[in-house]
Number of protein chains: 2
Amino acid sequence: MSRPGESAQQRDTPVLTERGGVRKAAILEAALRVIGDKGLAGLSMRAIAAEAGLPLGALGYYFKTKDDLILEAFELHTRREADRVLAAFAGVENGDHADDIAEHLTAFIHHGLTEARTSLVAEYEFLIESTRRPDLARVSRAWRQALQIQVSHVASRLGSDDPETDSEIILSVIAGLEIDHLSTPLDPSTTQAIRTALRRTITRLGLRGNAARL
Amino acid sequence: MSRPGESAQQRDTPVLTERGGVRKAAILEAALRVIGDKGLAGLSMRAIAAEAGLPLGALGYYFKTKDDLILEAFELHTRREADRVLAAFAGVENGDHADDIAEHLTAFIHHGLTEARTSLVAEYEFLIESTRRPDLARVSRAWRQALQIQVSHVASRLGSDDPETDSEIILSVIAGLEIDHLSTPLDPSTTQAIRTALRRTITRLGLRGNAARL
DNA sequence: ATATAAGTTGTACGTTCGTTCCAGTTCCAG
DNA sequence: CTGGAACTGGAACGAACGTACAACTTATAT
């Protein structure tokens, strides 16, 4: 008997679709859901197993400890979310007006606060836990840095004269709007307030789609 | 035998300095510290008792359940923190330049990320938990609303032509900057980046201390 | 076919958890 | 002084926890 992590089938980019890999992926997905709606405080191996529809014993086979499982779940989340964020900003590059840009970001936040709410809550659970776990902190930092680099490129294309600062401001505003509206049900007037805040931010930063380079 | 919550000595504004009240306050303080450095996941009645230097049995006397304790700790935190935030913005009102305003906010964030880090982490623990507990969510909303009202008054005095939106932007930027730098040790260059972002935000929003009313 | 490895599952271990209880102590009104 | 109320603290409860393990089945390779 051996464990997957010790076996020769381990790769640089783990393939999660081979024999036992589907199960491993299902466990991580289940963990992300549990973290999202019960929090890390409510996360137990038994709760994950129940959510995944698997026996408790299965978890010990794929993950040495609960902490390992949490780390891998966070890595999975950042991999997936990075794509989503970049997609949101990619749609922005050819927009013509500041309002178009703001609209993309509004839709992004709106999605996070409604359909993807569980995932968003899980994300902030991880970020807070990162203050206590160096391994999670490394993932947080790498993710945040990747986001900022990409967003600053976008800001540069949109005519920013200080892309680094503007990307920091934009990412901060997004995070702040998300946090501030997580405890509240998202009604239309709230969405409108978010839109207004984003429009004003983008406009005042002087970002526009068809910007000539400075 | 009776419990304080059932007794006639209960008041609208609980006095925490009477006979057993000192202990109750000590328990809440201990809970805030434990939440800050072990998280809600690491919060146990025994950990609180140990942190407060009290026997486990004492907790059951002052708080019916752990959830009650958490709620009261959150209320204590918001009461205390509201004062601190308003003080930070109060020092801003008579400033002359956008840079002065930004400097106040930078100092505020810097303090939260260094000396008051434990308290800041606890705050975000509460905010995330608010997504799952309606009683905590009420506290979050009330607190957030109080902050926004006060900050929008300040923004108005600083010449904002849309104080509500500007206060939402400012509070979001602050929250975002805090969150984004919680997983990272706060070195001087990071502080400088925060200062730069705040300066640009304030400047671009057109806020200045000696503003004439529009 | 047979052996070896991979995957699977139910059970059980020792700990820690929130909460309850009660005998004992301190306080204050009468 | 005396009674009852407020307060104290240690012990104990059942429940839930993370993890380890051994018996078992399935797949793969020679």
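Each chain gets a letter, A, B and so on, in the order the sequences are listed, and its residues count up from 1.
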*Which of residues 41-54 of chain B sit near DNA chain C, with a heavy atom under 4.0 Å from it?*
B/L43, B/S44, B/M45, B/R46
*Just to confirm, is there a sub-4.0 Å distance from OP1 or OP2 of C/dG7 to any side-chain nitrogen or oxygen of A/Y62?*
no
_Length of the CZ-C1' vector between B/F63 and D/dC7, whole Å_ = 15 Å
_For A/T65, give me all partners under side chain to side chain contact (heavy atoms under 4.5 Å, CB included), at least two apart in sequence or on another chain._
A/D67, A/D68
_Residues forming a side chain to side chain contact (heavy atoms under 4.5 Å, CB included) with A/T78, sequence neighbours excluded_ = A/F74, A/V139, A/W143
*When the distance from CG of A/L40 to P of D/dG18 is rounded to whole Å, what number comes out?*
12 Å
*Could you state the CG-P distance from B/L56 to C/dC22, rounded to the nearest angstrom?*
17 Å
*D/dC7 phosphate, OP1 or OP2, under 4.0 Å from B/Y61 side-chain N/O*: yes
_Nearest-nucleotide pick for B/K66, side chain only, options being C/dG10, C/dG18, D/dT19_ = C/dG18
*asked:* Rounded to whole Å, please give me the gap between CD1 in A/I70 and P in D/dC17.
replied: 14 Å
*Touch check for A/L59, heavy atoms < 4.0 angstrom, all strands: base, sugar-phosphate only, or nothing?*
nothing
Donor-acceptor pairs under 3.5 Å, side chain of residues 45-53 of chain A to any protein atom, not counting sequence neighbours: which ones?
unit_1, atom_1, unit_2, atom_2, d
A/E51, OE2, A/R33, NE, 2.5
A/E51, OE2, A/R33, NH2, 3.3

*Which residues share a side chain to side chain contact (heavy atoms under 4.5 Å, CB included) with A/V121, sequence neighbours left out*: A/R117, A/E125, A/L182, B/I128, B/T131, B/R132
*side chain to side chain contact (heavy atoms under 4.5 Å, CB included) against B/D180, all qualifying residues, sequence neighbours excluded*: A/R144, A/S172
*Where A/T165 and B/A197 come nearest, the two heavy atoms and their spacing*: CG2-CA, 3.8 Å
*OP1 or OP2 of D/dC7 sitting under 4.0 Å from any side-chain N/O of B/R23?*
no
